[in-house]
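Counting convention: from 1, in listed order, for ligands and their atoms alike. Numbers here are sequence positions counted from 1.
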Amino acid sequence: MNRGVSTSLVKRFPDDFVWGTATSSYQIEGAASEGGRGPSIWDVFCATPGKVENGESGDVACDHYHRYEEDVKLMAEMGVRAYRFSISWSRIFSDGTASSFNQAGIDFYSRLIDCCLSNGIEPWVTLYHWDLPQNLQESIGGWLSEDISDLFAQYADVCFQHFGDRVTHWITVNEAWVVSILGHGQGVFAPGHVSNSEPYKVAHNLLLAHGKAVRVYREKYQTEQGGVIGITNNCDWREPLTESVEDKEAAQRALEFFLGWFADPIYLGDYPECMKANVGDRLPVISDEERELLLGSSDFFGLNHYTTMFAAHAGREVKKQAVYGNGGLSEDQQIDLSVDESWLKTDMQWAVVPWGCRKLLEWISDRYQNPPIYITENGCAYDDEIVDGVVDDQRRVDYYASYLNECANAIENGVNLKGYFAWSFMDNFEWASGYDKRFGIHHVDFSTGVRTPKNSAKWFKSLLRG
Ligand code: GAL
């Protein structure tokens, strides 16, 4: 239990450690048809019966589009120094292409950025957090198209041009794994495709999109603007189920399929060998030219981390994993995943395993030569209620305290962890789960829009004061 804040916890992090909170455009902005915004694949997915819990959508969400000043002030009140948010591509180019440039979209993000800066908060901007302009899905097939990476680079260019004088931290793509596996493999996220080959093509195009955006930034803006740019990937920890060599190899393979898929090309120049062997010709080949584009294309290692599972070797009889089991295309991996029944679980049914976070940080550090790492998301969903104006989310406080304790252990073990963003600043539209799952450290009443700091927000405030 962490009723009070141990002042020693914050002292275990370097003075220049970046403390922040995170959100994404479709999950919080609302104003779906205001300010010249064009539709995205998530608008269409939400309108498709049976795709999202209770038929909900991000049409209104937290109405951050109108209430952003209040939100930024709440962040400042908490004492965080950084706010990670994403730009909606279809607010900047309503149909996804430069010919549909929308000044009102530029103006909105410009106001938001200025508001952050005047409150002493550094904006960390993600260019793609899943809300692809619907026109690009319909006209060229979205992330399956060979043209998509150039279109993304054009959109990124316009963002650098308009915001780069004030934004010095850029994230190209959020969780390419989710776009590939949940969007194009299991079909549970937009655009809802079910396939065992599309995920690998989509992933390849996402990597190229990242690489091309970084090249534009480095060639035209980085020197003058002095910022940094990177990609954020997600990964759970995979602990071998037993000490057997087979299970240890299975856990390693699971991590390579999950994170190595996206990080190896950027840090090591190619897809992991186990993927080449198991996926065969469904896995695109990285050409010499593409290798040059990708290798070294991230100034930092962005990591979103939530949970841990056991991995065991599955032989040929691999079970299909549950959607939220995060197993990827399990049949390609020959892995069975499981959890320890004694582990606490969040409302997402994700196990709370703080030491998994440390082990993952150490794995990244070893495999990729100790890069600067930022945890760009970590957090938990619990069904919190307001009682007499207070949200006593003790389980969330315990989650954060225990994960941050393991982050501090990782730093003490030599991991170059430089920042941490709590997911999420406020309750929001949790994709296919709708508004049922509350990840916020601020409570949102979705009928009135009223925000209430939960006890976890107060806990962060006293932590950061320490
Ligand atoms: C991440 C995602 C966020 C948020 C979070 C909790 O995968 O980037 O948008 O939804 O998970 O599920």
Side-chain angles (χ1 to χ4, degrees), residues 20-30 40-42 45-46 51-53 56-58 61-62 64 83-89 124-132 171-186 188-190 203 206 210 230-237 258-259 261-262 302-309 322-328 345-352 357 360 374-384 396 399-400 403 420-442 444 456:
T21 60
T23 64
S24 88
S25 47
Y26 191 70
Q27 294 179 275
I28 64 162
E29 283 178 6
S40 83
I41 55 173
W42 269 94
F45 192 71
C46 291
K51 295 295 185 191
V52 174
E53 206 64 29
E56 288 162 339
S57 77
C62 308
H64 179 74
Y83 174 36
R84 172 178 179 237
F85 61 88
S86 76
I87 293 181
S88 152
W89 186 340
W124 282 57
V125 176
T126 305
L127 290 165
Y128 186 71
H129 201 126
W130 312 348
D131 41 1
L132 185 76
I171 293 167
T172 52
V173 172
N174 178 70
E175 301 191 355
W177 182 94
V178 167
V179 179
S180 308
I181 294 292
L182 302 189
H184 295 81
Q186 301 180 350
V188 294
F189 278 15
L206 283 158
H210 154 79
I231 188 169
T232 270
N233 287 304
N234 58 310
C235 195
D236 302 346
W237 176 246
F258 206 146
L259 185 58
W261 185 6
F262 302 97
L303 175 71
N304 294 350
H305 173 75
Y306 289 91
T307 190
T308 284
M309 292 181 101
V323 161
Y324 278 109
N326 277 357
K345 295 213 186 76
T346 70
D347 278 4
M348 297 298 279
Q349 298 309 310
W350 297 346
V352 180
C357 182
L360 178 61
Y374 291 91
I375 293 186
T376 42
E377 285 181 27
N378 176 239
C380 50
Y382 287 115
D383 189 11
D384 317 304
R396 180 172 291 102
Y399 181 100
Y400 280 124
Y403 274 71
Y420 178 95
F421 290 76
W423 183 273
S424 175
F425 164 68
M426 61 184 157
D427 296 336
N428 57 48
F429 175 74
E430 177 50 31
W431 308 113
S433 308
Y435 294 95
D436 253 21
K437 302 285 185 278
R438 292 180 175 268
F439 273 91
I441 54 179
H442 290 81
V444 177
S456 52

*Ignoring hydrogens and angles, tell me if any N or O in the side chain of Tyr435 forms a donor-acceptor pair with the backbone of Ser57 under 3.5 Å.*
yes

*Please identify each residue that fulfils side chain to side chain donor-acceptor pair (under 3.5 Å) with Ser180, with sequence neighbours left out.*
none

*Heavy-atom gap Asn174 to ligand 1 smaller than 4.0 Å*: yes

*Please verify whether a non-hydrogen atom of Tyr26 lies at under 4.0 Å from ligand 1.*
no

*Candidate list Trp130, Trp89, Trp431, test ring-ring contact (aromatic ring centres under 6.0 Å, His included), partner Trp42, passing option*: Trp431

Between [Y] and [X], is there a side-chain donor-acceptor contact under 3.5 Å, judged purely by atom types and distance?
X      : Y      : result
Thr232 : Tyr374 : no
Asn378 : Tyr400 : no
Asp131 : Ser25  : yes

*Using the six-membered ring wherever Trp is involved, compare the ring planes of Tyr26 and Phe429 and label them parallel, tilted or perpendicular (cut-offs 30° and 60°).*
perpendicular

_Non-neighbouring partners of Asp347 that pass salt bridge (charged side-chain N to carboxylate O under 4.0 Å, His left out), sequence neighbours left out_ = none

List ligand 1 atoms under 4.0 Å from [X], heavy atoms only on the residue side.
X      : answer
Phe439 : 6 (C), 12 (O)
Trp130 : 2 (C), 7 (O), 8 (O)
Trp431 : 3 (C), 4 (C), 9 (O), 10 (O)
Gln27  : 3 (C), 4 (C), 9 (O), 10 (O)

*Considering heavy atoms of the protein only, find what lies nearest to atom 7 (O) of ligand 1 and give residue, atom and distance to 0.1 Å.*
Glu175 OE1, 2.5 Å

*Where is the nearest protein heavy atom to atom 5 (C) of ligand 1: which residue, which atom, and how far?*
Tyr306 OH, 3.2 Å

_Proximity to ligand 1 by part of Glu430, non-hydrogen separation under 4.0 Å_ = side chain

_Can you tell me which portion of Trp350 lies within the under-4.0 Å heavy-atom range of ligand 1? Options are side chain, backbone, both, or neither._
side chain

*Ignoring hydrogens, just give me the one of His305, His129, Glu377 whose non-hydrogen atom is nearest atom 11 (O) of ligand 1.*
Glu377

